[in-house]
Amino acid sequence: MAYWLMKSEPDVFGIDDLKRVKVEPWDGVRNYQARNMMRDEMKKGDQAFFYHSNCEVPGIVGIMTIARAGYPDDTAFDPEAKYYDPKSDPDNPRWYRVDVRFKRKFRKVIPLSELKTCPELADMPLVRKGNRLSIMPVTPEQWQFIMGLTDK
DNA sequence: GCCAACGTTGGC
DNA sequence: GCCAACGTTGGC
């Protein structure tokens with residue numbers, strides 16, 4: 001089982017939204033690195049941190065599990081959809097998504113500012129300047145360390 | 001295949 | 001709202 005971190009803007013879709021709907025397709029990702037991870041590496045049962053970006057206190061807000069491994073993101077096929085991509089062909093899909101399931105919301109956000117101060121996390125793309133990857137792997141060591149920062 | 005222009009991300 | 005960093009696009 002692998003660990004991940006996935007970013008979302010809470011104004012668009014936040015942890016409270018996931019808690020309400022329980023399971024949600026993580027669609028609209030239009031970045032090849034993130035696509036490759038969803039398509040090739042994420043497996044059902046993997047765990048992921050839910051990260052709030054572009055908001056007042058960016059940081060990790062909870063945990064979800066991967067409910068379904070990578071499958072084609074058909075929002076790319078719909079000309080009416082926000083994430084429409086005319087270059088994605090249903091016979092050869094360019095974009096993929098996974099389904100995520102709500103597991104837990106932390107009592108307190110673990111702010112990015114705090115994560116940045118931890119030498120244990122210095123290798124995470126998340127804390128590196130200018131990194132915009134919206135999905136990234138988390139090592140078991142990093143996962144355990146971050147879990148130790150929560151108040152459960 | 002280079003690279004300038006452009007668009008997007010996302011912290012601040 | 002600003003802007004640095006980065007990915008993508010497209011002309012050549």
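Throughout, a chain's letter reflects where its sequence line sits, starting with A, and its residues are numbered from 1. Only heavy atoms go into these numbers, but all of them, side chains included; no hydrogens, no water, no symmetry mates.
- Other residues sharing the hydrophobic cluster of A:Trp95, ordered by chain and number and joined by side-chain separations under 4.5 Å: A:Tyr32.
- Each of A:Val23 and A:Ile63 belongs to its own hydrophobic cluster when Ile, Leu, Val, Met, Phe, Trp and Tyr are linked at side-chain heavy-atom distances under 4.5 angstrom.
- DNA chain C lies under 4.0 Å from at least one heavy atom of each of the following residues of residues 127-139 of chain A: A:Lys129, A:Gly130, A:Arg132.
- Under a cutoff of 6.0 Å and an axis angle of 45°, A:Arg68 and A:Tyr71 form a cation-pi pair.
- When the side chain to side chain donor-acceptor pair (under 3.5 Å) test is applied to A:Asn31, no partner is found at least two apart in sequence or on another chain.
- Comparing A:Arg94 and A:Asn54 against DNA chain C, the residue whose closest nucleotide sits nearer the 5' end is A:Asn54.
- Considering every non-hydrogen atom in both A:Tyr96 and A:Met38, the closest pair reads O-CE, 3.0 Å.
- Residues that satisfy the ring-ring contact (aromatic ring centres under 6.0 Å, His included) test with A:Phe77, not counting sequence neighbours, are absent from this structure.
- Rounding to the nearest 0.5 angstrom, the gap separating the CG atom in A:Asp99 from the NZ atom in A:Lys22 is 15.5 Å.
- Sorted by first and then second residue, the side chain to side chain donor-acceptor pair (under 3.5 Å) pairs with a member in residues 43-55 of chain A read A:Trp4-A:Asp46, A:Glu9-A:Asn54, A:Gln47-A:Lys103; sequence neighbours excluded.
- In 5' to 3' order, the nucleotides of DNA chain C bounding all contacts with chain A (an atom under 4.0 Å from a heavy atom) are C:dA5 to C:dT9.
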